[in-house]
*Asks:* 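Can you keep this structure in mind? I'll have questions shortly.
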Amino acid sequence: MAKAKQIDRVLEYIREFGSITQLEALQDLGVMRLASRMSDLKRLGYNVEGRIEAVNNRYGEKCYIKRYTVREG
């Protein structure tokens with residue numbers, strides 16, 4: 001079951017680094033659908049939080065990303 005393995009990888013990444021973005025999920029974990037995995041974690045009872053951040057892209061243009069965290073306990 002690939003989805004379960006992805007959920008485990010995403011959760012471990014957040015535990016190690018504190019948060020995750022779509023780009024980090026793709027580059028570091030090979031997870032293409034981070035929002036879906038975060039929804040899966042919510043269904044499993046985790047307190048998932050997401051916040052929008054402004055960043056500059058490679059052309060210096062402002063764009064927005066979502067950074068996810070999980071509050072455990």
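These figures come from a predicted structure and were not determined experimentally.
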*Asks:* Do Asn56 and Lys62 pass the side chain to side chain contact (heavy atoms under 4.5 Å, CB included) test, and can you show the C-alpha distance, the side-chain angles, and the key distance before you say yes or no?
*Replies:* CA-CA 4 Å; Asn56 290 330; Lys62 186 184 281 190; 4.1 Å; yes

*Asks:* At their closest point, which heavy atom of Arg67 faces which heavy atom of Ser19, and how far apart are they?
*Replies:*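 Reported closest heavy-atom pair: NH1-OG, 3.0 Å.
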
*Asks:* When rounded to the nearest 0.5 angstrom, what is the spacing between OH in Tyr13 and CG in Leu29?
*Replies:*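 These two atoms lie 6.5 Å from each other.
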
*Asks:* For a 4.5 angstrom cut-off between non-hydrogen side-chain atoms, does Tyr46 reach Leu11?
*Replies:*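 Tyr46 vs Leu11: side chains touch.
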
*Asks:* Just how far is it from atom CG of Leu34 to atom OG1 of Thr21, taken to the nearest 0.5 Å?
*Replies:*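 Result: 7.5 Å between the selected atoms.
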
*Asks:* What's the spacing between Leu41 CG and Ile14 CD1 if we round to 0.5 Å?
*Replies:*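 Reported value, rounded in 0.5 Å steps: 6.5 Å.
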
*Asks:* Just wondering, do Ile65 and Leu23 contact through their side chains at under 4.5 Å, heavy atoms?
*Replies:*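 No - every pair of side-chain heavy atoms lies 4.5 Å or more apart.
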
*Asks:* Quick one: does Gln6's side chain get under 4.5 Å of Arg33's, heavy atoms only?
*Replies:*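 Of all side-chain heavy-atom pairs linking Arg33 with Gln6, none is under 4.5 Å.
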
*Asks:* Could you go through Asp40 and Arg37, starting from their C-alpha distance and side-chain angles, then the distance that decides it, and tell me whether this counts as salt bridge (Lys or Arg N to Asp or Glu O under 4.0 Å)?
*Replies:* CA-CA 5 Å; Asp40 293 338; Arg37 301 298 73 84; 2.9 Å; yes

*Asks:* I need the Met38 CE to Lys42 NZ distance, nearest 0.5 Å.
*Replies:*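 Reported to 0.5 Å precision, the distance equals 8.0 Å.
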
*Asks:* Just how far is it from atom CE of Met32 to atom CD of Gln22, taken to the nearest 0.5 Å?
*Replies:*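 With rounding to 0.5 Å, CE (Met32) is 7.5 Å from CD (Gln22).
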
*Asks:* Ala54 and Tyr64: which non-hydrogen atoms are nearest, and at how many Å?
*Replies:*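 Shortest heavy-atom separation between Ala54 and Tyr64 comes out as CB-CE2, 3.7 Å.
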
*Asks:* Taking Ile20 as the starting point, is it possible to reach Phe17 by hopping between hydrophobic residues whose side chains are less than 4.5 Å apart?
*Replies:*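 Yes, because Phe17 and Ile20 connect within a single hydrophobic cluster, where side-chain heavy atoms sit under 4.5 Å apart.
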
*Asks:* Rounded to the nearest 0.5 Å, what separation is found between the CD1 atom of Ile7 and the CG atom of Leu44?
*Replies:*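 Ile7 atom CD1 to Leu44 atom CG measures 5.5 Å (nearest 0.5 Å).
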
*Asks:* Is Thr69 close to Arg51 at the side-chain level, that is, under 4.5 Å between some pair of heavy atoms?
*Replies:*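 Yes, their side chains come closer than 4.5 Å.
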
